[in-house]
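Just below is one structure, and these are the notes that go with it.
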Amino acid sequence: MDTLHVYNSLTRRKEEFVPLHPPMVGMYVCGPTVYGNAHLGHARSAISFDIVFRYLSAQGYRVRYVRNITDVGHLVNDGDEGDSKIEKQARLEQLEPMEVAQHYTNTYIEDMTALNIRRPSIEPRATGHIPEQIEAIQKIIENGYAYVSEGSVYFDVQSYNKDFTYGKLSGRDLDNILAESREDLEGQSEKRHPADFALWKKASPSHIMRWRSPWSEGFPGWHIECTAMSTKYLGTKYDIHGGGMDLLFPHHEAEIAQSNACNCHEPESLHDEARYWLHNNMITYEGQKMGKSLGNAIDLRQFFTGHHRLLEKAYAPMTIRFFVLQGHYRSTLDFSNTALMASEKALSRMADAIKRLDGIDPHGKAIAVQADFEENLGSFVKDVTFAMNDDFNTARVIARMFDTLSVINQLYKAEGNTFAVQPDTFLEFRRQFHVVFSDWLGLELDAEDGESKQETLDGVMKLLLNLRLDARKNKNWAQADQIRDQLVKMGIKLEDTASGTDWYWEQ
RNA sequence: GGCGACGUGGCCGAGUGGCUAGGCAGAGGUCUGCAAAACCUCGUACAGCGGUUCGAAUCCGCUCGUCGCCUCCA
């Protein structure tokens, strides 16, 4: 596709991406509830929207990317009853709730950084925006779409549904929700309708996290934070709202309703608060969704260390990232050790090729263009751009990158003084390949830390390789092999080529 | 039950009606002191059954199966 198209969950179609106020783009993504270590699912969501952030930026847009940290209001059980997730964890760990939130915010950011996920422009916390949330709730009450009950405030879905359509994002209608939940009505709920959801909850005496409000001392409901914070930083209408598919209902549905109710959007406006709603799919394990509540979620730290019963080994953060990018973000992605090891191997192969790519010097050689090589490298940018424009199809981008590997390797290993590609084509391709690898996909090679150390190591390696070369010239195979074998044990692999010996870090 | 996805070669995983996706694993070969890497070749896959079409993995229908949301989850 020549222009960027994104799949919009709201319309269930791919649509051309047209920002409201180019070159500015506003994007809001639902971040984690910080009561535990981040797992593979968090990584997928963060990576998916990191790709959106990176690609839009690379296209010249000025993106304001807001990703929230939920540190209050998210309850353990069903809608609007029971404990706060953070408070429950705080009791378990015998900590202040804010200590829990801070701790897991830190680990989240550390893990995301390890995955080379760019920090968003703004990472607001729910507890830092209590006044904004109270203000939003007040507006909703004033507009007639919420009511106070026993010190708590609930969103009045039925009243909202008279002016707007509740359920259009997730394809539900209110009658169905009512019909299914009839039994719940029997209980002495504070709610008028089972589909109503809490905007503000009065705190029970044991509840630690509490703030003053016009209605009671309490805390905000889960959904309102996103409305308040997106409005504050992106305005009442912005471009992209993202999150995991499991947030489609009720979270995003509630958010659309709140936002319309609060900001008085035109009924039936397709655009609502955000024009494009993007949802990443789930990670599965043996076909089953990985989720905290299912107990089969693996922490990212466990991946990095290999300390989990389901893991056969440790996996580097870049392996995880590569694995995620090999699938499309709207498909489920099935995790397994073999799948991950395949990604590890594949990334390693690509890394080797990139090292060779950087070592190629086309200058001073006679040009003998080989048509298929020229075509392959020359059409690279066009092809990967096409793939990215088609709803961020990173899987196709990576496949196309692999298509160039054979050419790269052959150019590198070619003997003689001819070069099979026009130097301009080659140099432009090399530049673009790095842009795609590093800037678009956010992949990185290991040896990017400490230039001086790298130079020292290069010198040491040169020394060793010369020693080995001497040994080989003297047909002292035992010594030559000893050097190679010892290096392998230290994680360095050797490759003898016509022009000398290359070395690589073993993955 | 309601809403929605999906079923692709040993595994993972793209597929815009006609052109080899790609990766991993496997087989053979070239190269090589050995090894590794690289390069070349190899599987003729699309749940099943119908239909539309000159032509379908791709569109339509039915059947079977799997999964997600409907309660907290990225």
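Sequence lines set the chain letters: A, B, ... in the order given, protein chains first and strands last, and positions in each chain run from 1. Remember, it's a predicted structure, so these values are computed and weren't measured experimentally.
- Across the protein-nucleic acid pair, Tyr35(A) atom OH and A74(B) atom C1' stand 11 Å apart, rounded to whole Å.
- When each of C24(B), G2(B), C11(B) is scored by its nearest atom to the side-chain atoms of Arg172(A), the top-ranked nucleotide is G2(B).
- Taking atom P in both G50(B) and G10(B), one finds a spacing of 24 Å when rounded to whole Å.
- Taking the six-membered ring wherever Trp is involved, the centroid distance between the rings of Phe303(A) and Phe335(A) falls below 6.0 Å.
- Taking atom P in both G9(B) and A57(B), one finds a spacing of 14 Å when rounded to whole Å.
- A perpendicular orientation is assigned to the rings of Phe322(A) and Phe402(A), their planes being inclined by more than 60° (bins at 30° and 60°).
- Nucleic acid contact for Asp485(A): none, since no nucleic acid atom lies under 4.0 Å from a heavy atom of the residue.
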Exercise for review: Kindly determine whether Val384(A) and Gln432(A) satisfy side-chain contact (heavy atoms from CB on, under 4.5 Å), including the steps that lead there.
Suggested key: CA-CA 10 Å; Val384(A) 291; Gln432(A) 286 294 350; over 6 Å; no
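- Atom NZ of Lys365(A) has more than 12 neighbouring heavy atoms from other residues, nucleotides or ligands inside a 6.0 Å radius.
- Judged purely by distance below 3.5 Å, without hydrogens or angles, the side chains of Asp156(A) and Gln158(A) never pair a donor atom with an acceptor atom.
- In this structure, Arg400(A) places its CZ atom 17 Å from C1' of U16(B), rounding to the nearest Å.
- Side-chain contact annotation: Asn68(A) with Thr70(A), donor-acceptor N/O pair under 3.5 Å present.
- Taking the six-membered ring for Trp and the full ring otherwise, the centers of Phe426(A) and Phe419(A) sit less than 6.0 Å from each other.
- Among the heavy atoms of the strands lying under 4.0 Å from Ala399(A) is at least one base atom, whether or not backbone atoms are also near.
- A straight line from CE of Met245(A) to P of A74(B) spans 16 Å, rounded to a whole angstrom.
- When all heavy atoms of Val72(A) and Ala126(A) are compared, the closest pair comes out as CG1-CB, 3.7 Å.
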Please tabulate the protein-to-nucleotide N/O contacts below 3.5 Å involving nucleotides 65-67 of chain B, giving atom names and distances.
none

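- As rounded to the nearest Å, U41(B) and U16(B) have P atoms that lie 27 Å from one another.
- For Ser204(A), the side chain to side chain contact (heavy atoms under 4.5 Å, CB included) partners are Ser206(A), His207(A), not counting sequence neighbours.
- Mapping Arg468(A) and Asp334(A) onto RNA chain B by nearest heavy atom places Asp334(A) at the nucleotide closer to the 5' end.
- Looking only at atom types and distance, the side chain of Asp358(A) has a donor-acceptor partner in the side chain of His434(A) under 3.5 Å away.
- With salt bridges taken as basic N to acidic carboxylate O contacts below 4.0 Å, one links Arg330(A) and Asp391(A).
- Met282(A) comes within 4.0 angstrom of a nucleotide base, judged by non-hydrogen atoms across all strands.
- G43(B) and G23(B): their P atoms are spaced 15 Å apart (whole Å).
- The nearest heavy atom of RNA chain B to Ser343(A) and to Thr338(A) marks one nucleotide each, and the one closer to the 5' end goes with Thr338(A).
- Whole-Å rounding puts the Phe386(A) CZ to U16(B) C1' distance at 6 Å.
- A donor-acceptor contact under 3.5 Å is formed by the side chain of Arg484(A) with the base of A35(B).
- Thr338(A) meets the side chain to side chain donor-acceptor pair (under 3.5 Å) test with Ser336(A); sequence neighbours excluded.
- Distance His328(A) NE2 to A21(B) C1': 15 Å, rounded to the nearest Å.
- Inspection of the Asp71(A) and Tyr104(A) side chains reveals no N or O donor paired with an N or O acceptor under 3.5 Å.
- Note on Phe335(A): nothing from the nucleic acid sits closer than 4.0 angstrom, heavy atoms only.
- At the heavy-atom level, His279(A) lies nowhere under 4.0 Å from the strands shown.
- With P as the reference atom, A36(B) and G26(B) are 12 Å apart, rounded to whole Å.
- Using a 3.5 Å distance cut-off with no hydrogens or angles, the side chains of Ser348(A) and Glu344(A) do not pair a donor with an acceptor.
- For the P atoms, the distance from C3(B) to G55(B) is 35 Å, rounded to whole Å.
- A heavy atom lying under 4.0 Å from RNA chain B marks the following residues of residues 470-483 of chain A, by number: Arg472(A), Trp477(A), Asp481(A).
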**Study point:** Per-nucleotide pairing state of RNA chain B [Watson-Crick or G-U, under 3.5 Å; [ ] pseudoknot-crossing; | other strand]
**Key:** (((((((..(((.....[...))).(((((.......)))))....(((((..]....))))))))))))....
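- Rounded to whole Å, atom C1' of G13(B) lies 12 Å from atom CZ of Arg396(A).
- Between the C1' atoms of A35(B) and C6(B), the separation comes to 45 Å (whole Å).
- Between the NE2 atom of His252(A) and the P atom of A74(B) there is a distance of 11 Å, rounded to whole Å.
- Note on Ile283(A): a base of the nucleic acid sits closer than 4.0 angstrom, heavy atoms only.
- Checked by atom type, the side-chain pair Tyr315(A)/Asn337(A) shows a donor-acceptor distance below 3.5 Å.
- Contact annotation for Leu247(A): backbone-only contact, meaning every heavy-atom pair under 4.0 Å involves sugar-phosphate atoms and none involves a base.
- Nucleotides G68(B) and G15(B) place their C1' atoms 23 Å apart, quoted to the nearest Å.
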Exercise for review: Could you run through nucleotides 37-43 of chain B and give me one letter per nucleotide, 5' to 3': B if any protein heavy atom sits under 4.0 Å from the base, S if only the sugar-phosphate is that close, - if neither?
Suggested key: BSSS---
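- Distance Asp403(A) CG to G23(B) P: 7 Å, rounded to the nearest Å.
- There is a side-chain donor-acceptor pair under 3.5 Å between Ser170(A) and Arg172(A).
- As judged by a 4.0 angstrom heavy-atom cut-off over every strand, Gly41(A) is placed among the base-contacting residues.
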